[in-house]
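Report on the following structure.
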2 protein chains.
Amino acid sequence: MSRFHAVYHVRCTAAEVASRAQALALDQSVEMPLAPITSGYVRDEIVARVEGCAEIAPGVHAVTLALATATTGGEIGQAMNMLFGNCSLQDDVTLVDVALPDDFLAGFAGPRFGLAGMRRIVGAASRAMTMTALKPQGLPPAELAALCETFARAGIDIVKDDHGIANQAYSPFAARVAACQAAMRRANAASGGRGVYAPSLSGGPRQLREQLRVVREEGVGMVLACPMLLGLACFAELVDELACPVLAHPALGGASRIAPPLLFGRLFRLLGADATIFPNYGGRFSYSRATCEALAHAGRAPWREFRACTPVPAGGMSVERVAEMIEVYGADVCLLIGGNLLAAGADLPARSRAFVDTVHRLSRVNEEIPR
Amino acid sequence: MSRFHAVYHVRCTAAEVASRAQALALDQSVEMPLAPITSGYVRDEIVARVEGCAEIAPGVHAVTLALATATTGGEIGQAMNMLFGNCSLQDDVTLVDVALPDDFLAGFAGPRFGLAGMRRIVGAASRAMTMTALKPQGLPPAELAALCETFARAGIDIVKDDHGIANQAYSPFAARVAACQAAMRRANAASGGRGVYAPSLSGGPRQLREQLRVVREEGVGMVLACPMLLGLACFAELVDELACPVLAHPALGGASRIAPPLLFGRLFRLLGADATIFPNYGGRFSYSRATCEALAHAGRAPWREFRACTPVPAGGMSVERVAEMIEVYGADVCLLIGGNLLAAGADLPARSRAFVDTVHRLSRVNEEIPR
């Protein structure tokens, strides 16, 4: 019987750690004391085991648990429940890493397009890709569409909805998607480019079904979704029903209770995210450079047959930081700059073009389709 | 145009707080700098406003933002996105409270049964209700059903699946529900009681649809679900499709980044949870008594036409603590004891009966149906 090997950081004293680790193992499996469990099967195969404890800093211990794969039923929501359901309610515990066994992974396909698939779609053979966001929310579809066309004409590969753009009265989903898709088609026709508009999907299963219908009818080329808002299992099903790449947004993902490389890198990739947007270091969020590099690595590193999930550093990035970002992440990346382009006001087209040119130049554009 | 008035606790210096609050307001609305926004409508009606900042402890400031209701599209997932989507990724921010405007609340029905409805179902006219959990996971349906029958014969009102019990190979959902429902029917027939079995629902929309079918076919009287694992909007839809009370479990709810009274009290109630299970103080979780009382209050206090959401303190509770819990929470409560009953081993029936008797005696059973 296979096991998940999950690593938690637990804040406690050295004297407490053995009992704290054992309590964690029970809480994340049978959720009851061991003594009254009479079933040998449950004791041997279901109860989580403490595999190791190591003090990694004063008062912080890395506790490794072996959680029975059987407890997940092969389903991602339940797997998250076993990994971090109850202990999310305990302030002293962080989920840092997990090694997932082959029999569990066999139930997942990972990204259906991945980095290479996204590159084919936008015609970026080897360079870094570019992405921006339509904002501010509150604008009507026609104005968002005009902005989409401006960005696309500047050569930006992917123009996504801001993740705050949903299905609001001032910009209903169906009307906005139709307008932005039309704008993107016009821009591509004029430039010969292959830009893609990615609307943001949101809501419960009923609203998502309706949005999927619009996505299909309008021939949308990519979508954005927030797995932690939708629910992980709901996100995985959504991916399953889409014929285009899915960009994952980290909203509601918490800052650090589940390590960002694990959640936004590995788990989102497992569920089929073709790209993972994350708050880059040095912006208005608090991630360190090491966290961001680990996250990008988790998305791209060889992992079974899973395609690479494109890292998308974002969150207060600027054209001036493109060189640094390409140096850090290389060309297997998609750079997302939103507010910094919009802040240019009347110079928006020029700054967008500068963003595109800088990315193309610095990440080598040998094999690009002509623009 | 109405607004959400949301209160955040922000860790920063007094010198930083004005700009930090303004950045938070932008991040949780338009997600871009203010300067390039030319639309008067967006500036006046969509951008979140800082309503107040007050230092409540050294280096901790209560920041009140007024978020435009229009940005939520009347949908709970998007409302959570606006409240805590991006700033969940910032370690210095906690969402503490929110006042929701009438036009937003009008889109929600709250609990369809609530405390009073649950009482009618189990025949507890005025006393506190009792709940326990089937565990450990790993047992086959027949053994869980036998345990269910034992608990029910002892007079426990609600026997729920442990929240870790999902759709595992060792206890598939349909077989387990059928077995446990049959056990509950047998126990009720023998005792004249009105016990209810509440299976745990989990997974994505497809699995949930299948589980809903089983729930209807078997005549299940209550269900358990984890809103943060399912996704809030998915949970709300699930409630909508059920003809029985729904018990909400806090798994994956985080310890403190969203104040527990707000998330597990008010928001789960808004979405239709008839009862909200939470880690009681003095157990194996870290909530304070004040937090727990505020949570219970948020679930039960008069709030528009919404029915009361039954508080269910749990998490390492024991029969010995019943008196204290009834003193703290009163009789408008459902007490959940799991592991402590199971720890009795061969004395499980007696300890279960002691649990029931203590609760009945201490919370006054004047109008009970005879058992």
Side-chain angles (χ1 to χ4, degrees), chain A residues 23 30-33 35-37 39 41-42 46 70-71 73 75 77-78 80-82 84-86 88-91 135-139 162 164 166-170 202-206 226 229-231 233-234 236-237 250-257 279 284-286 338-339 342-343 345, chain B residues 23 30-33 35-37 39 41-42 46 70-71 73 75 77-78 80-82 84-86 88-91 135-139 162 164 166-170 202-206 226 229-231 233-234 236-237 250-257 279 284-286 338-339 342-343 345:
Chain A
V30 290
E31 223 195 321
M32 66 177 286
I37 297 176
S39 157
Y41 170 74
V42 173
I46 300 301
T71 64
E75 193 272 305
Q78 171 62 6
M80 181 56 85
N81 192 17
M82 291 294 96
F84 204 60
N86 262 357
S88 88
L89 302 166
Q90 295 167 324
D91 260 334
K135 30 184 157 180
Q137 65 163 305
L139 296 182
D162 190 30
N167 186 37
Q168 294 104 339
Y170 44 71
S202 63
R206 279 200 290 264
C226 305
L229 280 168
L230 295 185
C234 187
E237 279 194 21
L252 197 67
S256 54
R257 296 293 309 284
R284 63 184 193 278
F285 295 86
S286 52
L342 292 159
Chain B
V30 290
E31 222 196 321
M32 65 177 286
I37 297 176
S39 159
Y41 170 75
V42 174
I46 300 301
T71 63
E75 194 272 304
Q78 170 64 6
M80 182 56 86
N81 191 17
M82 291 295 93
F84 204 61
N86 262 357
S88 88
L89 302 166
Q90 295 166 324
D91 260 334
K135 30 187 159 181
Q137 66 163 304
L139 296 182
D162 190 31
N167 187 37
Q168 294 104 340
Y170 43 72
S202 63
R206 278 199 291 264
C226 305
L229 280 168
L230 295 185
C234 187
E237 278 192 23
L252 197 65
S256 56
R257 295 294 309 287
R284 63 183 194 278
F285 294 86
S286 52
L342 292 159

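The sequence lines fix the lettering, A, B, ..., with proteins before strands; numbering per chain opens at 1. Note that these values count all heavy atoms, side chains included, but never hydrogens, waters or copies made by symmetry.
With chain B as the partner, the residue from A/Gly138, A/Ala236, A/Gly345 showing the most heavy-atom pairs under 4.5 Å is A/Gly138. Chain A forms more heavy-atom pairs under 4.5 Å with one residue of B/Gly73, B/Ala35, B/Gly203 than with any other, namely B/Gly203. Between chain B and the options A/Leu229, A/Ile37, A/Leu139, heavy-atom pairs under 4.5 Å are most frequent for A/Leu229. The most heavy-atom pairs under 4.5 Å with chain A, out of B/Ala169, B/Ala70, B/Cys226, come from B/Ala70. Contact tally against chain A (heavy-atom pairs below 4.5 Å) for B/Gly231, B/Pro136, B/Gly253, B/Gly338: the top residue is B/Pro136. Ranked by heavy-atom pairs shorter than 4.5 Å toward chain A, the options B/Ala166, B/Gly164, B/Gly339 are led by B/Gly164.
Residue B/Glu31 touches chain A through both its backbone and its side chain, counting heavy-atom pairs closer than 4.5 Å. For A/Ala343, the parts lying near chain B are the backbone and the side chain together; criterion is any non-hydrogen pair under 4.5 Å. With a threshold of 4.5 angstrom between heavy atoms, B/Phe84 approaches chain A through its backbone and through its side chain. Proximity to chain A involves both the backbone and the side chain of B/Pro250, based on heavy atoms less than 4.5 angstrom apart. With a 4.5 angstrom heavy-atom cutoff, B/Met80 touches chain A via backbone and side-chain atoms both.
The shortest non-hydrogen separation linking B/Val30 to A/Asp162 is O-OD2, 3.7 Å. In terms of heavy atoms, B/Ala251 sits closest to A/Ser88 at C-OG, 4.4 Å. Considering all non-hydrogen atoms of both residues, A/Pro205 and B/Pro205 come closest at CG-CG, 3.7 Å. The minimum heavy-atom distance between B/Glu237 and A/Arg206, with the atom names listed, is OE2-N, 2.8 Å. Taking all atoms of both residues into account, the shortest heavy-atom contact from B/Cys234 to A/Leu230 is CB-O, 4.5 Å. The heavy-atom pair separating B/Leu89 from A/Gly254 by the smallest distance is CD2-O, 3.4 Å.
A distance of 8.0 Å separates OG of A/Ser202 from CG of B/Asn81, quoted to the nearest 0.5 Å. Between the NZ atom in A/Lys135 and the CE atom in B/Met32 there is a gap of 7.5 Å [rounded to 0.5 Å]. Going from atom OG1 of A/Thr71 over to atom OH of B/Tyr170 covers 5.0 Å, rounded to the nearest 0.5 Å.
Side-chain contact between B/Gln137 and A/Ile46 is present, with heavy atoms from C-beta onward closer than 4.5 Å. In this structure, A/Asn167 and B/Gln78 have side chains that are not in contact, with every pair of non-hydrogen atoms separated by 4.5 Å or more.
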